[in-house]
S.K.: 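To start, I am sharing the structure in question, which I have written as structure tokens.
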Amino acid sequence: MALLLLTRTSRAFVVSPVTSATSSRRMAGHVASLNVASDFDQQQQQQQLLPPRQVSEKVFVQDKRPIILFDGVCNLCNGAVNLGLDWDPNGKLRFAALQSNVGRSLLQANGRGADDISSIVLVTQDGAYTKSDAVLRISEALTPLRLLPLKPISRLGRYVVPRFLRDIIYDGVADNRYDLLGKTDQCRFDADGEFEDRFVDDQLAFK
């Protein structure tokens, strides 16, 4: 997870062991326990999920922005989401947790297992990108400093460095992400108002 995850990686799960004041405000959203007996989960169980392909079409009907699927219980990944919010002031990207209903449906719609959380996934209307391809394409939309867009560097990395080499680095970080910064047993499905439009509504997965 090259640039994004090596620094700090929707309506999702955002938990980071080291937070700024801005990050703390983000994390003050509605927190839902992963306990399957929770009221939230019981309500979802009573609803009927749409087929994955319909969910994939539905999430792009009114909003064409790509969607980043990330590991919602990974502290490293959640830190990178915070950076993504900070470095994408124009809101070019949206977020959803791999473990959310929308995330699971998008995985299936793009030929992956619903429970496959082995890689970050960038979902577009035309398909999906994983591992280092996803990270570099995400980086193209980011501007960490006002006059320092990452697009030229990210494109260079995609074309100059062979994918298998990039993916070896990615896998090394991804496979050890829980050891690096740990994981959480809590998540949130709502962001505070400041970033609400950046997270995909999980209700889009239901009829």
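Computed from heavy atoms alone, side chains included, the values below leave out hydrogens, waters and symmetry copies. Keep in mind that this is a model prediction, so the values were computed, not measured.
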S.K.: Between Arg177 (side chain only) and Ala174 (backbone N and O only), is there a donor and an acceptor less than 3.5 Å apart?
M.R.: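 Yes.
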S.K.: Starting from the C-alpha separation in whole Å, work towards a yes-or-no answer on side-chain contact (heavy atoms from CB on, under 4.5 Å) for Arg155 and Glu140.
M.R.: CA-CA 7 Å; Arg155 283 195 170 180; Glu140 289 183 21; 3.3 Å; yes
S.K.: Look only at the side chain of Arg137 and the backbone of Leu122, and say whether a donor-acceptor pair between them is shorter than 3.5 Å.
M.R.: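 No; zero donor-acceptor contacts below 3.5 Å.
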S.K.: Backbone N or O of Pro52 within a donor-acceptor pair of the Gln108 side chain at under 3.5 Å?
M.R.: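 Judged by distance alone, no pair lies under 3.5 Å.
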S.K.: Just by modelled atom types, is the Ser119 backbone N or O under 3.5 Å from a matching donor or acceptor in the Tyr170 side chain?
M.R.: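 A pair under 3.5 Å: no.
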S.K.: Looking at Tyr178, does the NZ or CZ of Lys183 lie under 6.0 angstrom from its six-membered ring centre and within 45 degrees of the ring axis?
M.R.: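 Yes - Lys183 lies over the ring of Tyr178, closer than 6.0 Å to its centre and within 45° of its axis.
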S.K.: Quick one: does any side-chain atom of Asp88 pair with a main-chain N or O of Leu142 as donor and acceptor, under 3.5 Å?
M.R.: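 Such a contact is absent between Asp88 side chain and Leu142 backbone.
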S.K.: Ile138, Leu156: one ILVMFWY side-chain cluster at the under-4.5 Å cut-off?
M.R.: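 No, because Ile138 and Leu156 fall into different hydrophobic clusters, even though each may have its own neighbours under 4.5 Å.
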S.K.: Determine whether Ile169 and Phe164 fall in the same hydrophobic cluster, where Ile, Leu, Val, Met, Phe, Trp and Tyr are linked whenever their side-chain heavy atoms lie under 4.5 Å apart.
M.R.: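 Different clusters.
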S.K.: Say whether Val102 and Phe60 are linked into one hydrophobic cluster, either directly or through other cluster members, by side-chain heavy-atom distances under 4.5 angstrom.
M.R.: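 Linked within one cluster.
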S.K.: Under a 3.5 Å distance rule, please check whether Ser100 uses its side chain to pair with a backbone N or O of Ala96 as donor and acceptor.
M.R.: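 No.
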S.K.: Using the side-chain contact (heavy atoms from CB on, under 4.5 Å) rule, take Ser118 and Arg112 through it: C-alpha gap first, then chi angles, then the decisive distance, then the call.
M.R.: CA-CA 10 Å; Ser118 63; Arg112 299 178 69 82; 3.6 Å; yes
S.K.: Would you say Leu93 and Arg65 make side-chain contact, with heavy atoms under 4.5 Å?
M.R.: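 Leu93 does not reach Arg65 side chain to side chain.
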S.K.: With heavy-atom distances below 4.5 Å as the criterion, would you say the side chains of Leu136 and Tyr159 are in contact?
M.R.: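 Answer no - side chains too far apart.
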S.K.: Kindly indicate, with the supporting measurements, whether the criterion side-chain contact (heavy atoms from CB on, under 4.5 Å) is fulfilled by Ile120 and Ile68.
M.R.: CA-CA 7 Å; Ile120 189 173; Ile68 300 171; 3.8 Å; yes
S.K.: Side-chain contact test, heavy atoms from C-beta onward, threshold under 4.5 Å: evaluate it for Val59 versus Ile67 and give yes or no.
M.R.: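 Side chain of Val59 against side chain of Ile67, heavy atoms only: contact under 4.5 Å found.
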S.K.: Heavy-atom distance under 4.5 Å between the side chains of Leu180 and Val173, does that happen here?
M.R.: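 Leu180 reaches Val173 side chain to side chain.
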S.K.: Check whether any side-chain heavy atom of Val123 sits under 4.5 Å from a side-chain heavy atom of Asn110, and report yes or no.
M.R.: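 They are in contact (side-chain heavy atoms under 4.5 Å apart), so the answer is yes.
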S.K.: Set out, in order, the CA-CA distance, both residues' side-chain angles and the distance that settles salt bridge (Lys or Arg N to Asp or Glu O under 4.0 Å) for Lys131 and Asp171, then state yes or no.
M.R.: CA-CA 8 Å; Lys131 298 190 176 185; Asp171 288 337; 3.2 Å; yes
S.K.: Okay, side chain of Thr143, backbone of Leu145: is any donor-acceptor separation there less than 3.5 Å?
M.R.: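 Looks like no, no N/O pair under 3.5 Å.
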S.K.: Set out, in order, the CA-CA distance, both residues' side-chain angles and the distance that settles salt bridge (Lys or Arg N to Asp or Glu O under 4.0 Å) for Arg163 and Asp167, then state yes or no.
M.R.: CA-CA 6 Å; Arg163 180 187 300 171; Asp167 283 348; 5.1 Å; no
S.K.: Going by heavy atoms in the side chains, are Leu98 and Leu107 under 4.5 Å from each other?
M.R.: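 Yes, side chains in contact.
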S.K.: Run the side-chain contact (heavy atoms from CB on, under 4.5 Å) test on Phe206 and Asn101 for me, step by step, so that the C-alpha distance in whole Å, both residues' side-chain angles and the decisive distance to 0.1 Å come before the verdict.
M.R.: CA-CA 8 Å; Phe206 297 96; Asn101 290 296; 3.5 Å; yes
S.K.: Applying salt bridge (Lys or Arg N to Asp or Glu O under 4.0 Å), run through Asp197 and Arg94 and close with a yes or a no.
M.R.: CA-CA 8 Å; Asp197 72 328; Arg94 292 181 288 165; over 6 Å; no
S.K.: Taking the side chain from Lys64 and the backbone from Val61, do they hold a donor-acceptor pair closer than 3.5 Å?
M.R.: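 Judged by distance alone, yes, a pair lies under 3.5 Å.
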